[in-house]
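Only heavy atoms go into these numbers, but all of them, side chains included; no hydrogens, no water, no symmetry mates. In listed order, ligands and their atoms are each counted from 1.
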Amino acid sequence: MTKNPNIITIDGPSGVGKGTLAKNLSDELDWIVLDSGSLYRMIGYLSLKNDTKDFSKISQKIDKEEISFKFLKNNSNISLFLGQDNLTEFIRNEEVAKLASEFAVMPKVRDFLFKIQRSFIEKGKGLVADGRDMGTVLFPEAKYKFFLTASAEERARRRENQLKESGLSVNIRILQERIEERDKKDSSRVISPLVPAEDAIVIDSSNIGINELKEMVLKLIRS
Ligand code: DC
């Protein structure tokens, strides 16, 4: 397979710093970002909003609009737009995350999102794609594939900090248990399981700072 030097894939479980790394690389290279988790969350959100689990009804709504990702000022995360609507604040909650993971195991949902995700190749001079199956299923031709890991303990600690920043208090032990449970489910599912691509570089981000991680990846890409 001819490798595409204009695609970087970053896969891994939640809380390993995929989103931040994708944003930093996109800033540095002036490439566009595909945050695939947001697309599964968007489906969860539309299911909730329209009070339906009928995927054909949800997909019709998505088909009518353009999907785009933007980096807005005052927000460190990437924002997801469906047409003119910024869905970001509606998709970042546990209720939507739970629905997203229910839809994510359905082959028809993955097929539908496959086409949308592939279309991102045409949208910029380069693409940084972050998710669970970017290097294995979506962009097997990507020249640069990374798989981030971090201990469940460290990921629970990061999540705890995020929640504290939003004024919420949580039990770190419960957070860690939930993370371990989700990892097991994601890695053992039949379609698009969370596994590194054979040609991915695996990086444990437990003890690496955000900038150090970006520099490390850029060095690997440029070498
Ligand atoms: O990364 P996240 O928490 O925003 O992902 C939301 C859900 O979507 C989560 O259940 C995993 C799933 N997902 C997936 O199955 N494949 C992807 N490429 C990205 C996310």
Side-chain angles (χ1 to χ4, degrees), residues 7-23 32-48 53 55 58-59 62 67 69 75-82 86-121 127-142 145-150 152 155-156 158-160 162-163 166 175-176 178-197 200 205:
I7 305 176
I8 299 172
T9 61
I10 308 168
D11 288 305
S14 57
V16 289
K18 297 184 305 264
T20 312
L21 177 61
K23 178 187 188 304
I32 60 159
V33 167
L34 163 62
D35 169 12
S36 60
S38 286
L39 302 180
Y40 290 92
R41 285 172 181 266
M42 170 179 71
I43 291 172
Y45 164 69
L46 291 174
S47 159
L48 196 65
K53 293 230 170 152
F55 184 63
I58 297 172
S59 60
I62 298 172
I67 294 171
F69 292 101
N75 198 334
S76 55
N77 289 319
I78 191 165
S79 298
L80 168 71
F81 281 75
L82 182 60
N86 183 351
L87 300 189
T88 315
E89 67 172 301
F90 308 113
I91 61 171
R92 301 266 149 224
N93 61 65
E94 283 304 313
E95 199 178 9
V96 165
K98 193 166 174 291
L99 281 164
S101 67
E102 281 177 33
F103 281 103
V105 296
M106 299 180 191
K108 63 183 168 193
V109 172
R110 300 202 82 90
D111 285 351
F112 175 78
L113 287 184
F114 183 88
K115 291 178 204 108
I116 292 176
Q117 293 174 91
R118 287 287 307 179
S119 73
F120 273 77
I121 296 178
L127 175 68
V128 187
D130 106 54
R132 306 287 196 285
D133 57 350
M134 300 295 102
T136 46
V137 179
L138 264 299
F139 306 105
E141 78 274 35
K145 297 183 185 177
F146 298 93
F147 191 91
L148 299 188
T149 62
R155 284 151 60 206
R158 290 177 189 171
R159 183 83 184 121
E160 185 193 26
Q162 273 172 357
L163 292 171
S166 330
L175 274 181
Q176 190 174 330
R178 278 198 205 143
I179 286 174
E180 282 166 341
E181 226 170 82
R182 189 126 74 103
D183 283 357
K184 218 164 145 191
K185 217 164 118 189
D186 281 348
S187 326
S188 58
R189 72 174 177 222
V190 180
I191 42 165
S192 296
L194 176 63
V195 286
S205 70

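The closest protein non-hydrogen atom to atom 8 (O) of ligand 1 is Tyr40 CB, 3.4 Å. Atom 14 (C) of ligand 1 has its closest protein heavy atom at Arg110 NH2, 3.5 Å. Scanning the protein for heavy atoms near atom 1 (O) of ligand 1, the closest one is Arg132 NH1, 2.8 Å. Counting only heavy atoms of the protein, atom 19 (C) of ligand 1 lies nearest to Ser36 OG, 3.4 Å. In terms of protein heavy-atom proximity, atom 18 (N) of ligand 1 is closest to Asp133 OD1, 2.9 Å. Of the protein's non-hydrogen atoms, Arg41 NE, 3.7 Å is the one closest to atom 2 (P) of ligand 1. When only non-hydrogen protein atoms are considered, atom 7 (C) of ligand 1 lies nearest to Ala100 CB, 4.1 Å.
Taking CZ of Phe114 as the reference point, atom OG of Ser192 lies at 9.5 Å (rounded to 0.5 Å). Summarising the geometry, atom CG belonging to Leu127 is positioned 5.0 Å from atom CD1 belonging to Ile32; distances are rounded to the nearest 0.5 Å.
Residue Gln117 places every heavy atom at 4.0 Å or more from ligand 1. Under the 4.0 angstrom criterion for non-hydrogen atoms, Lys185 is not in contact with ligand 1.
Among Gly15, Gly12, Gly37, the residue whose heavy atom lies closest to atom 20 (C) of ligand 1 is Gly37.
Only the side chain of Ala104 comes within contact range of ligand 1, with a heavy atom under 4.0 Å; no backbone atom does.
Asp183 has a carboxylate O that lies under 4.0 Å from a charged side-chain N of Arg155, or vice versa, which qualifies the two as a salt bridge. Between Glu94 and Arg182, none of the side-chain N atoms (NZ, or NE/NH1/NH2) sits under 4.0 Å from a carboxylate O, so this pair counts as no salt bridge.
Of all atoms in ligand 1, numbered sequentially from 1 with element shown, those under 4.0 Å from a heavy atom of Met134 are 18 (N). Remark: ligand 1 atoms within the under-4.0 Å shell around heavy atoms of Ser101 are 10 (O).
By the 30° and 60° cut-offs, the orientation of the rings of Phe90 relative to Tyr45 is parallel.
The closest side-chain heavy-atom distance from Ile43 to Leu99 is not below 4.5 Å. Side-chain contact between Ile121 and Ile7 is present, with at least one heavy-atom pair separated by less than 4.5 Å. Contact of the Gln117 side chain with the Leu34 side chain is registered, since non-hydrogen atoms from C-beta on lie closer than 4.5 Å. Counting only heavy atoms from C-beta outward, the side chains of Leu80 and Arg41 never approach each other to under 4.5 Å.
The N/O atoms of Arg189, backbone and side chain alike, include one that comes under 3.5 Å of an N/O atom in ligand 1.
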